[in-house]
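Within every chain, numbering begins at 1; the chains are lettered A, B, ... in the order of the sequence lines, protein sequences first and strands thereafter. Everything quoted here is computed from the prediction, not taken from an experiment.
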Protein chains: 2
Amino acid sequence: MKMYKLLLVEDDASLGYLLNEYLKMKNFTVIWVKNGNDALKVLEEQQFDLCILDVMMPDMDGFKLAENINQKNISIPFLFLTARSLKIDVLKGFSLGAVDYIRKPIDEEELVVRLNNLLHILAKKNTSQKELYKIGFYTYNPLDFELSFESEKWQLTSRESELLVYLLKNKNHICKHKDILNTIWGKNDYFNRKSLNVFVTRLRKLLKNDPSIKIENIHNQGFKLMSE
Amino acid sequence: MKMYKLLLVEDDASLGYLLNEYLKMKNFTVIWVKNGNDALKVLEEQQFDLCILDVMMPDMDGFKLAENINQKNISIPFLFLTARSLKIDVLKGFSLGAVDYIRKPIDEEELVVRLNNLLHILAKKNTSQKELYKIGFYTYNPLDFELSFESEKWQLTSRESELLVYLLKNKNHICKHKDILNTIWGKNDYFNRKSLNVFVTRLRKLLKNDPSIKIENIHNQGFKLMSE
DNA sequence: AAAAAGATTAATGAAAAGTTAATGTTATTA
DNA sequence: TAATAACATTAACTTTTCATTAATCTTTTT
């Protein structure tokens, strides 16, 4: 898991201390500076993923700092974290190029979630998301419907895929017949149940290369995809 | 300047009306639906840049709707716009993959700024590739529509080119019928689907010199240009 | 041992996709 | 402006795909 590096610009000693400690605890690398000039200096020297700017600071305020960042062509995403909650300030913040404008006070947990979300969006800009499931020696790519085992590859159909994903999401846990049927087939009747059996057989055949993988039936209850 | 297309999911008639009108005035294309089921239907048919979800709606709430979007692999960025302001709701919203969580009431002007900001961040660099695409022993030049294989050359038409480029950009990944149709044809209906088939046939014929290249159909899903 | 549930393989049929040709439609040229 | 050319769309028809249904066999439960 990537560790993100943040620059925190906050003149208030106690809030700065608190945030610094909390963010570090949450697995961020944090550099904390207390004014705009120090911020600019550090930004010249080091690379950051995101910059958190207070607005109200003596000497050079957050807006002025943002202007400087823009002027010096330092390409770093920044956001404002401030008690200035007037609409006009928010608009100004965004017009300066902020990626977000967060009003104080904010719950630390929510802040972390927002930061991670922003960093995730900013990073994802160019890479297509790769959601892969791993089970035993198999890999399943639900976006392309591709199941792979070593160099072999199978193209699954949509029903096969839906069922496999359902089981994978509940790996090692029982999936009740009725839940599978209601979720995937939309209803739970005699015929759909038969159909489900046929698909389980297919998946078993597809997964037989790794003997540690099993789709167990729990009589009258449901199926369980077992592995490890 | 690009005009962004939004899906607004809001059951409240007066707020929905207000937002719809305001956003249209601000140069967005807006489709307004009043419940989750309609939203899912429209999402299958049309392409949007961003989706604005209310949380509290009868029948299927916004969170449930987001789950459905995820499960159906509809790749659309969405945010919540809601009066539910508890931390636990915010965290839930982000955990479902929201790009933002905006608390009501919000000033319309601020909303628009936030939307534009998000869309700006999300906008993938649509670097219209100037270089040649290579696939197998073929090269394709998208500027003058020229496909070459060894000494042979073909002049493609614009539709052929658009489709080929779309497939090339997503080489080895599924391009969903509906996405191709919405992007290239502008809409997804019976006739356009037929037309798409005709073009796929043409491209297959053009690419047949290299047997390692295949345009696969994934039943009910889309096409996949395979190579290597 | 009988009955119910599950597994497996095969058959079926409707919908989707493939192909070729005909028909519109638009832009270009005479 | 009529004729032509280029090309996307629609039509007509064939082939393929795949979820469902059916048939048959095996396991589990009572």
Return yes when atom NZ of A:K169 has more than 12 non-hydrogen atoms of other residues, nucleotides or ligands closer than 6.0 Å, and no otherwise. yes
If each of B:N217 and B:Q155 is mapped to the nucleotide of DNA chain D with the nearest heavy atom, which maps nearer the 5' terminus, i.e. the 5' end? B:Q155
Any side-chain heavy-atom pair of B:D54 and B:K104 under 4.5 Å: yes
Are A:Q155 and B:K224 close enough that some pair of their side-chain heavy atoms sits under 4.5 Å apart? yes
Kindly assign one of parallel, tilted or perpendicular to the pair B:F94 and B:Y101, based on the angle between their ring planes and the thresholds 30° and 60°. tilted
Do the numbers put B:R193 on top of the ring of B:Y190, so that NZ or CZ is under 6.0 Å from the six-membered ring centre and no more than 45° off the axis? no
Would you kindly give the CD1-to-C1' distance between B:I215 and C:dT19, to the nearest whole Å? 14 Å
Between A:E160 and A:F199, is there a side-chain heavy-atom distance shorter than 4.5 Å? yes
Is the shortest side-chain N/O distance from B:H177 to OP1 or OP2 of C:dA17 below 4.0 Å? yes
Classify the ring geometry of A:H177 against A:F223: parallel below 30°, tilted from 30° to 60°, perpendicular beyond 60°. perpendicular
On DNA chain D, check which nucleotide each of B:E160 and A:L156 is closest to and give me the residue with the more 5' one. B:E160
How long is the line joining CD1 of B:I180 and P of C:dA17, in whole Å? 11 Å
Expected output is a numbered-order residue list: members of residues 184-201 of chain A with a heavy atom under 4.0 Å from any atom of DNA chain C. What is it? A:R193, A:N197, A:V198, A:T201
A:F223 CZ to C:dA5 P: how many Å, rounded? 13 Å
Which of parallel (below 30°), tilted (30 to 60°) and perpendicular (above 60°) describes A:F137 and A:F149? perpendicular
Could you check, using the six-membered ring where one of them is a Trp, whether B:F145 and B:Y140 have ring centers closer than 6.0 angstrom? no
Counting heavy atoms not belonging to B:E152, are there more than 12 under 6.0 Å from its CD? yes
With a 4.0 Å cutoff (strictly under), does any side-chain N or O of B:K205 reach OP1 or OP2 of C:dT19? no
Nearest-nucleotide check on DNA chain C, B:Q221 vs A:Q221; residue mapping nearer the 5' end is A:Q221
Is any side-chain N or O of B:R202 closer than 4.0 Å to OP1 or OP2 of C:dT20? no
Tabulate atom names and distances for all N/O pairs under 3.5 angstrom spanning the protein and nucleotides 23-29 of chain C.
none

Which nucleotide span of DNA chain D, 5' end to 3' end, has atoms closer than 4.0 Å to non-hydrogen atoms of chain B? D:dC7 to D:dC18
Is the shortest side-chain heavy-atom distance between B:L86 and B:V90 below 4.5 Å? no
